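A quick write-up on the structure given underneath.
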Amino acid sequence: MLSLTKSKEAFEEAKTLMPGGVNSPVRSFSAMGSTPPFIEKAKGSKIYDIDGNVYIDYVGSWGPMIAGHANEKVIAAINAAAKNGTSYGAPTLLESKLAKLTMEFYPSIEKIRMVNSGTEATMSALRLARGFTGRDKIVKCIGCYHGHSDGLLVAAGSGAATFGAPSSPGVTKNVAADTLLVPYNDTEATEKVFEEYGENIAALIIEPVAGNMGLVLPKQGYLRALREITEKYGALLIFDEVMCGFRASLGGAQAAYGITPDLTCLGKIIGGGLPVAAYGGRRDIMDNVAPVGKVYQAGTLSGNPLAMAAGIATLEILKEDIDGADASRALTLKTKELVLGIEAKAKEAGVKIITHQAGSMFGIFFSEKEVYNYEDAASADQEAFKIWFHSMLEQGIYLAPSQFETVFMSLAHTKEDIEKTIEAAGVAFKKVCG
Ligand code: HOZ
């Protein structure tokens, strides 16, 4: 039985200090009805809580820790940068280095602007799209999550869906009215919205591989259809690859599916565990950002030297070959092994699940029917998920505490970790059966 005595005490105190005891809602575990382990440290594929429990971690700080926790190269780079001062609010060589490295992975990005969070990246990309096109409306998919700026907290996934408030109070009707909604994977609905509002639509923003309604993959031809529709109506196509960037493939979903968006938003991995995100894309569009153009966006800690150093070290690790192939092959194979093992255990226990994998991301739904969009995801058995989640945690496997999230593999996960996780999954599926 997992002992969380110290975490429980810490959580009680934290709840008196912060809403729900946390600085970001999903990590409160409240959707799972339990107490979050308070983390003391992490190394490689493991995280350690303040009660002395050790977990194999598949959350990886919600994506960034692709090289594993406290990777020596990343820590050395942060230390070296810190010795030279922690922030200057002035240009550095590190910013150009991370920009160039990012563009090697994402050739569609001809110019880039570094910011601090995925929320800033998507919010700024949309402002830019509006400034560039002179149009007001945007299109987003129901259940996709693009951070917490007002216009994007409409029918949002992730924590917003987890806590039953996909459209947040506090977002004005006028702002919400400029966000047009379509179901994910629904080309026809998208065409209809463009037929009706096309002249006023600045951009369609999408997680090309959706990671915030569980992991949902694009149907064949869907992303290409979006490219064609946006082009036809003169709207921009924005890929929010904050989550699937460097994971669906090293070049993200755009490389995996062969689609070139006009703008891309990145986050998480690009900062190697420190706060970095970015938006970038076509030069003619990016040159509308201040100080070249008039679309304003700024930030004191944007391009912070510690964060740039961590991002550079992480992307350099991703460029290294592993067993004669690039890192994405190793990550994908490990993830596949885990997913196949989990599927086999579910079958053995007679539990119906749907699994999805995109490179080093994976997710499971307790459902008998395929999951193509938010409605399908929401109709999966949430109670079964909760039982499975808690049994896995008890056995030292740390998964995202919500059906509307994705889990992540890192380069640090070992064969032994994967075998242990598959065994644990077998026990957990039996629990689901009662
Ligand atoms: N929005 C993040 C997951 N999609 C959760 C971030 C966190 O709680 O740390």
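All heavy atoms count here, side chains included; hydrogens, waters and symmetry mates do not. In each ligand, atom 1 is the first atom listed, and ligand 1 is the first ligand listed. Source: prediction; values computed, not measured.
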**Pair listing, side-chain hydrogen bond (donor to acceptor under 3.5 Å, both in side chains) test, anchored in residues 76-88, at least two apart** =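 Not a single pair qualifies under side-chain hydrogen bond (donor to acceptor under 3.5 Å, both in side chains).
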Distances only, to 0.1 Å: what are the N or O pairs between ligand 1 and the protein that fall under 3.5 Å?
{"unit_1": "ligand 1", "atom_1": "1 (N)", "unit_2": "Ser158", "atom_2": "OG", "d": "3.4"}
{"unit_1": "ligand 1", "atom_1": "4 (N)", "unit_2": "Ser158", "atom_2": "OG", "d": "3.1"}
{"unit_1": "ligand 1", "atom_1": "4 (N)", "unit_2": "Asn212", "atom_2": "OD1", "d": "3.0"}
{"unit_1": "ligand 1", "atom_1": "4 (N)", "unit_2": "Glu405", "atom_2": "OE1", "d": "2.8"}
{"unit_1": "ligand 1", "atom_1": "8 (O)", "unit_2": "Ser24", "atom_2": "OG", "d": "2.9"}
{"unit_1": "ligand 1", "atom_1": "8 (O)", "unit_2": "Arg27", "atom_2": "NE", "d": "3.3"}
{"unit_1": "ligand 1", "atom_1": "9 (O)", "unit_2": "Arg27", "atom_2": "NE", "d": "3.2"}
{"unit_1": "ligand 1", "atom_1": "9 (O)", "unit_2": "Arg27", "atom_2": "NH2", "d": "2.6"}
{"unit_1": "ligand 1", "atom_1": "9 (O)", "unit_2": "Trp62", "atom_2": "NE1", "d": "3.1"}

**Test item: Leu236 and Ile285 side chains (from C-beta on) under 4.5 Å apart, heavy atoms** = yes
**Prompt:** Residues in side chain to side chain contact (heavy atoms under 4.5 Å, CB included) with Pro218, at least two apart?
**Reply:** Tyr184, Asn185, Val209, Tyr222, Leu223, Tyr257
**Asked** Who pairs with His148 by side chain to side chain donor-acceptor pair (under 3.5 Å), at least two apart in sequence or on another chain?
**Response** none
**Message:** Is there a ring-ring contact (aromatic ring centres under 6.0 Å, His included) between Tyr106 and Phe246? Walk through the geometry before answering.
**Reply:** CA-CA 9 Å; Tyr106 288 85; Phe246 306 94; 5.2 Å; yes
**Prompt:** Given the rule in the salt bridge (Lys or Arg N to Asp or Glu O under 4.0 Å) test, do Lys420 and Glu423 qualify, once you have shown the distances and angles that lead to the verdict?
**Reply:** CA-CA 5 Å; Lys420 193 174 169 217; Glu423 281 315 306; over 6 Å; no
